[in-house]
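Predicted model, so just to flag it, every value in this text is computed and none were measured.
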Amino acid sequence: MQRGSARLNVHRDDEMKHELQGLLRSGHPTRVEEWHDPEPSADDDPQVAGGPVAPGGGTASLAAVRQELARYLSRSLFPASPRELAGTLRRAYAPDALVEPVERLPRSERYSTVQELAEALTRR
């Protein structure tokens, strides 16, 4: 049987597949050492092309705001009030440009989905 590479034997190939199995299935790093993972950007880093989406900034589309909110909010959180949503966003270290518009929403409202929340933010 031709394997295409003479550097590794069959057993080493299987061992390497086993080592990568967790990463391939989970879609995120599975190592204990954090130094392997890329470092997130800091608050004082210069804004790169586009940067974080800020609702109400005039250039943010509904889809972009919805996607940015979905990065920090899970479906199990809804329905929720703006106060609960802002607290969750703060605990998830969402950018202030995203949290502050949520805090300014009417406290009496309740949002059933991320879509409803994004619509409310882009209307304002």
Side-chain angles (χ1 to χ4, degrees):
M1 170 171 44
Q2 181 69 15
R3 294 198 55 87
S5 174
R7 290 182 53 219
L8 306 173
N9 65 21
V10 178
H11 301 291
R12 181 68 180 134
D13 274 349
D14 291 339
E15 184 180 325
M16 290 174 68
K17 285 179 191 174
H18 179 71
E19 288 173 2
L20 288 174
Q21 191 174 22
L23 174 64
L24 296 174
R25 284 190 177 175
S26 68
H28 59 81
T30 57
R31 294 187 168 97
V32 175
E33 299 89 7
E34 290 182 358
W35 60 270
H36 284 290
D37 299 335
E39 189 173 315
S41 61
D43 291 338
D44 60 345
D45 283 351
Q47 194 173 20
V48 291
V53 174
T59 59
S61 69
L62 174 64
V65 172
R66 184 182 61 232
Q67 181 180 9
E68 190 71 13
L69 286 168
R71 291 178 60 205
Y72 300 101
L73 301 173
S74 67
R75 284 189 264 172
S76 62
L77 180 65
F78 293 95
S81 68
R83 181 181 211 152
E84 295 167 327
L85 294 167
T88 302
L89 288 169
R90 290 250 184 241
R91 285 189 297 279
Y93 302 105
D96 288 339
L98 188 63
V99 178
E100 290 168 357
V102 172
E103 289 175 335
R104 288 192 297 266
L105 290 171
R107 292 192 183 266
S108 60
E109 294 291 322
R110 289 194 65 79
Y111 300 98
S112 300
T113 62
V114 172
Q115 178 71 23
E116 286 181 15
L117 179 61
E119 287 172 355
L121 290 172
T122 54
R123 275 194 307 260
R124 301 188 107 233

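- Within the model, atoms CG of Leu105 and CZ of Arg83 stand 14.0 Å from one another, a figure rounded to the nearest 0.5 Å.
- Atom CZ of Arg12 and atom CG of Asp14 lie 11.0 Å apart (nearest 0.5 Å).
- For the side chain to side chain contact (heavy atoms under 4.5 Å, CB included) with Leu117, the qualifying choice from Thr113, Leu121, Val114 is Leu121, the only one to do so.
- When all heavy atoms are compared, the tightest approach of Pro106 to Pro82 is O-CG, 3.3 Å.
- Scored by the side chain to side chain contact (heavy atoms under 4.5 Å, CB included) test, Glu100 finds Arg90, Asp96, Glu103, Arg104 as partners (sequence neighbours excluded).
- Taking Ser108 as the reference, nothing meets the side-chain hydrogen bond (donor to acceptor under 3.5 Å, both in side chains) condition, with sequence neighbours excluded.
- Checked against side chain to side chain contact (heavy atoms under 4.5 Å, CB included), Ala63 has the following partners two or more places apart in sequence or in another chain: Ser61, Arg66.
- Residues meeting the side chain to side chain contact (heavy atoms under 4.5 Å, CB included) test with Ala94, sequence neighbours left out: Tyr72, Leu89, Leu98, Val99.
- Every residue two or more places apart in sequence or in another chain was checked for a side-chain hydrogen bond (donor to acceptor under 3.5 Å, both in side chains) with Glu109, and none qualifies.
- You'll find the side chain of Arg110 stays beyond 4.5 Å of the side chain of Glu116, heavy atoms only.
- Between Glu84 and Pro79, the closest heavy-atom pair is OE1-O, 4.4 Å.
- When all heavy atoms of Val102 and Ala86 are compared, the pair lying nearest together is CG1-N, 3.9 Å.
- The side-chain hydrogen bond (donor to acceptor under 3.5 Å, both in side chains) search around Ser112 returns none, not counting sequence neighbours.
- Other residues, nucleotides and ligands contribute more than 12 heavy atoms inside 6.0 Å of the CD atom of Gln115.
- With sequence neighbours excluded, the residues forming a side-chain hydrogen bond (donor to acceptor under 3.5 Å, both in side chains) with Arg91 are Thr88, listed by chain and number.
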